[in-house]
Undergrad: 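To start, I am sharing the structure in question, which I have written as structure tokens.
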Amino acid sequence: MLLSNMNREWWKEAVVYQIYPRSFQDSNGDGIGDLRGIINRLDYIESLGIDVVWLNPIYKSPNHDNGYDISDYRDIMSEFGDMADFDELLKGMHERGIKVVMDLVVNHCSSEHYWFQQAIQSRDNPYYDYFHWWPAENGTPPERWSFFAPDASAWRFNEATNSYYLHYFAVEQPDLNWENPKVRAEIYDMMHFWFKKGIDGFRMDVITFISKHDGYPVFEGVHGEAMIDVYAQGPRLHEYLHEMNREVLQHYDIMTVAEGPGTHINNIHDLVDETRQELNMNYHFEHVELGLNARKMVNSDHRDLVKYKKILCDWAVEFDHAGWGTTWHTNHDFPRQVSWFGDDSDEHREASSKLLSTMLLTMRGTPYYYMGDEIGMTNARFESIEDYNDLMTINWYKLTEQEGGDTQALLDSHKLSGRDNARTPIQWDSSTNAGFTQGKPWLKVTPNYPTINVANQENDPKSPLNYFRSLTALRKNHLSLIYGAFKVYLLEDPNIFSYTRTLDDETLLILLNYSSDNQTVCLDSELLSSDVKLNNYDDLVVASDHYQLKPWQAVIIKLA
Ligand code: TEU
Ligand code: CA
């Protein structure tokens, strides 16, 4: 591939760093991270060499789902601060050359939003049509599965209107009715409000769900969680996104990324190809859901490297001619990368966390990197349901209990897969509560903070933190890692992930040993070189027909 043929864009060259504000840094001792806390850590954020920060929702919210239930889209959650703090934060980021992407949560709002409070009064209320309803005189509504409802049903009866409203997520998260042009106009107007403040883009929460099937038909033969793929097939999804692009997005130099449950290779081009004029990027869930059954129960595919590689490689080459992809291992909804994909034992934690970061920053697509992974933070592994805050784990626990199921098995799986694993406070130092708060943290700090923390790693040139900084720097100096052609080797090898990235006259080989054992990697002579650009060990054994890799060794090698 030739750079001169590439359609260069800043968001293709960026590394996105995700901040979950609730858990980043508390500044006033109430145990909840806040905007002032982020402002106080701006120099740290800049030191990482990242380009964009994605903030999870910071809007006014009663926090049934930690900000994903928004009661006022133009105001800041009181626990996080106020609009003056936001303006200062945005300015501070921009002064450091960092762009800011906000979460756009418009599939649903909060049941405390003015629109919903009006809507539930009567069918004549002008806001009634802002939501989706099933009139009770039509009988029981057809099955719709809810992620978070205590009874798993996405319909909830409302007495005053004698109708059921739709909520794909919690009862407190009613779905907005995009079929109503007034709703779309309100949303576009709100997006302009934030773009005029100077934000640099949106990560769009479950944006693939916004178009509902007319008349709420029965989804024949599809039940429970399997409905996710059907939810993503709403008939007017692309019409709405194209309209949003025309009305809002195309007027600014910004980036957009869909959170895309239900996206697959067979439908992705409709969403992200340039000619479609919809969104820039999407993230799918295929590799992070590998090994997960319903209710995030873990199955044996969890450690199947060959399946994992095949998913990632298929997506990497899918954008050869059009569109652009993303890479990620976790976020606030998934376990810590080192605990799920690596080996978080004392022996291998640092090497494996460096390896996983290497994959994310050298694979094709814009990396979305989750806060805390740069120091190799691990899963919290809560023992008791009492320790959980997340309504997902709590509701599935209750559901399992009601069904007379195995609640211990659910807890055991969620120690590995639960969302709260990645939501524990950032481990800044070895002082009380890891330096996150002077008060009582809203979610327990992971007990390994005296060992795993930023302060310890700052002064250690070989720490995961400093390795991550080298990676972001290296990526900036090698456009082949961004625009280069992707080619995989040894696809069927159950331990090794190896691939090249080639642009103009440069080829980089990335060798990753996803195992806690030594591995011999036999490759053709043109793939053997000792010109090492980055290595998570001090040395690399290159023989006449193979490389010898140590446990979780990751190397980036320039080929002659
Ligand atoms: O998550 C949407 C969502 O349901 C998936 O990420 C889901 O967790 C995954 O498919 C399960 O394997 C978004 C937000 O990221 C999440 O925090 C919110 O709770 C949810 O939307 C509702 O707004
Ligand atoms: Ca606080």
Side-chain angles (χ1 to χ4, degrees), residues 6-7 9-14 16 18 52 54 101-108 168-169 175-176 178-179 183-184 187-188 191 195 200-214 226-289 311-328 331 333 363-368 482-483 486:
M6 294 291 151
N7 182 9
E9 302 281 0
W10 62 261
W11 44 265
K12 294 180 180 172
E13 300 181 15
V16 181
Q18 180 191 351
V52 175
W54 152 29
V101 164
M102 302 267 283
D103 223 302
L104 182 78
V105 189
V106 289
N107 171 69
H108 46 268
Y168 282 176
F169 293 88
D175 282 41
L176 284 162
W178 278 68
E179 323 304 328
V183 169
R184 305 203 299 275
I187 292 168
Y188 301 156
M191 293 171 73
F195 283 132
D200 304 287
F202 280 119
R203 171 267 187 191
M204 302 189 178
D205 191 61
V206 291
I207 199 72
T208 44
F209 291 175
I210 57 176
S211 161
K212 310 302 194 258
H213 294 75
D214 292 334
M227 287 195 176
I228 290 177
D229 277 357
V230 187
Y231 289 170
Q233 302 300 323
R236 299 174 71 189
L237 171 65
H238 296 291
E239 179 190 329
Y240 295 153
L241 292 177
H242 185 67
E243 180 186 83
M244 179 199 277
N245 187 299
R246 191 184 67 226
E247 297 294 321
V248 188
L249 305 174
Q250 65 169 239
H251 303 286
Y252 305 94
D253 176 23
I254 49 101
M255 59 159 264
T256 53
V257 58
E259 187 207 27
T263 50
H264 301 286
I265 278 173
N266 63 11
N267 60 18
I268 192 57
H269 288 288
D270 290 344
L271 192 66
V272 300
D273 283 9
E274 293 80 355
T275 52
R276 302 279 304 174
Q277 299 186 303
E278 294 186 16
L279 303 180
N280 299 139
M281 291 172 274
N282 166 74
Y283 58 88
H284 68 84
F285 291 87
E286 292 179 351
H287 61 309
V288 296
E289 288 185 338
I311 294 169
L312 294 176
C313 295
D314 283 351
W315 280 91
V317 295
E318 191 57 34
F319 300 113
D320 268 349
H321 302 292
W324 190 258
T326 61
T327 70
W328 65 292
N331 59 32
D333 293 334
M363 192 67 182
R364 200 150 181 225
T366 296
Y368 286 72
I482 296 159
Y483 295 108
F486 170 87

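Fair warning: this is a prediction, and the values are worked out from it, not measured in the lab.
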Undergrad: Donor-acceptor pair, Arg184 side chain versus Trp178 backbone, under 3.5 Å?
TA: yes
Undergrad: Quick one, Glu239 with His242, criterion side-chain contact (heavy atoms from CB on, under 4.5 Å). Give me CA distance, side-chain angles, the key distance, then yes/no.
TA: CA-CA 5 Å; Glu239 179 190 329; His242 185 67; 6.0 Å; no
Undergrad: Nearest 0.5 angstrom please: Tyr368 OH to Met281 CE, how far?
TA: 3.5 Å
Undergrad: Write down the atom of Val101, the atom of Phe202, and the distance for their closest heavy-atom approach.
TA: CG1-C, 3.7 Å
Undergrad: Without swapping roles, check the side chain of Asn267 against the backbone of Gly262 for a donor-acceptor pair under 3.5 Å.
TA: yes
Undergrad: Regarding His213 and Gln233, is there a side-chain donor-to-acceptor distance under 3.5 Å anywhere?
TA: no
Undergrad: Which value, rounded to the nearest 0.5 Å, describes the distance between Ile268 atom CD1 and Trp315 atom CH2?
TA: 4.5 Å
Undergrad: Measuring from Ile482:CD1 to Arg364:CZ, what's the distance to the nearest 0.5 Å?
TA: 12.0 Å
Undergrad: Using the side-chain contact (heavy atoms from CB on, under 4.5 Å) rule, take Ile265 and His284 through it: C-alpha gap first, then chi angles, then the decisive distance, then the call.
TA: CA-CA 9 Å; Ile265 278 173; His284 68 84; over 6 Å; no
Undergrad: First locate atom CG of Asp253, then atom CH2 of Trp11, and finally report the distance between them rounded to the nearest 0.5 Å.
TA: 11.0 Å
Undergrad: Would you mind telling me which of Val106, Asn107, Leu271 makes a side-chain contact (heavy atoms from CB on, under 4.5 Å) with Ile207?
TA: Val106
Undergrad: Any donor-acceptor pair under 3.5 Å linking the side chain of Glu259 with the backbone of Asn282?
TA: no
Undergrad: Looking at Ser211, is its backbone amide N or carbonyl O close enough to the side chain of Arg236 to form a donor-acceptor pair, meaning the two atoms are under 3.5 Å apart?
TA: no
Undergrad: Looking at Phe209 and Ala232, what are the two nearest heavy atoms and their distance?
TA: CD2-N, 4.0 Å
Undergrad: Supply the atom-to-atom distance Gln277 CD to Leu241 CG, rounded to the nearest 0.5 angstrom.
TA: 12.5 Å
Undergrad: Report the C-alpha distance between Met204 and Met244 in whole Å, list the side-chain angles of each, state the deciding distance to 0.1 Å, and finish with yes or no for side-chain contact (heavy atoms from CB on, under 4.5 Å).
TA: CA-CA 12 Å; Met204 302 189 178; Met244 179 199 277; 3.7 Å; yes
Undergrad: Establish, from distance only, whether the side-chain atoms of Trp324 and Thr366 form a donor-acceptor pair under 3.5 Å.
TA: yes
Undergrad: Is there side-chain contact between Met227 and Tyr168, with heavy atoms separated by less than 4.5 Å?
TA: no
Undergrad: For the NE2 atom of His287 and the CD1 atom of Ile311, what is their distance to the nearest 0.5 Å?
TA: 8.0 Å
Undergrad: I would like to know whether Thr326 and Val257 meet side-chain contact (heavy atoms from CB on, under 4.5 Å); could you show each step before the answer?
TA: CA-CA 9 Å; Thr326 61; Val257 58; 4.3 Å; yes
Undergrad: Between the side chain of His269 and the main-chain N/O of Gly323, is any donor-acceptor distance below 3.5 Å?
TA: no
Undergrad: Judged by atom type as modelled, is there a donor-acceptor pair below 3.5 Å linking the side chain of Asn280 to the main-chain atoms of Thr256?
TA: yes
Undergrad: Do Trp54 and Asn331 have side-chain atoms, one donor and one acceptor, less than 3.5 Å apart?
TA: no
Undergrad: Are the side chain of Thr208 and the backbone N or O of Pro261 linked by a donor-acceptor pair below 3.5 Å?
TA: yes
Undergrad: Less than 4.0 angstrom from a charged side-chain N to a carboxylate O is my criterion; do Glu179 and Lys212 meet it?
TA: no
Undergrad: Checking the side chain of Arg276 only, and the main-chain atoms of Asp270 only, is there a donor and an acceptor separated by less than 3.5 Å?
TA: yes
Undergrad: Tell me the closest heavy-atom pair linking Glu286 and Thr263, and the distance in Å.
TA: OE2-O, 4.1 Å
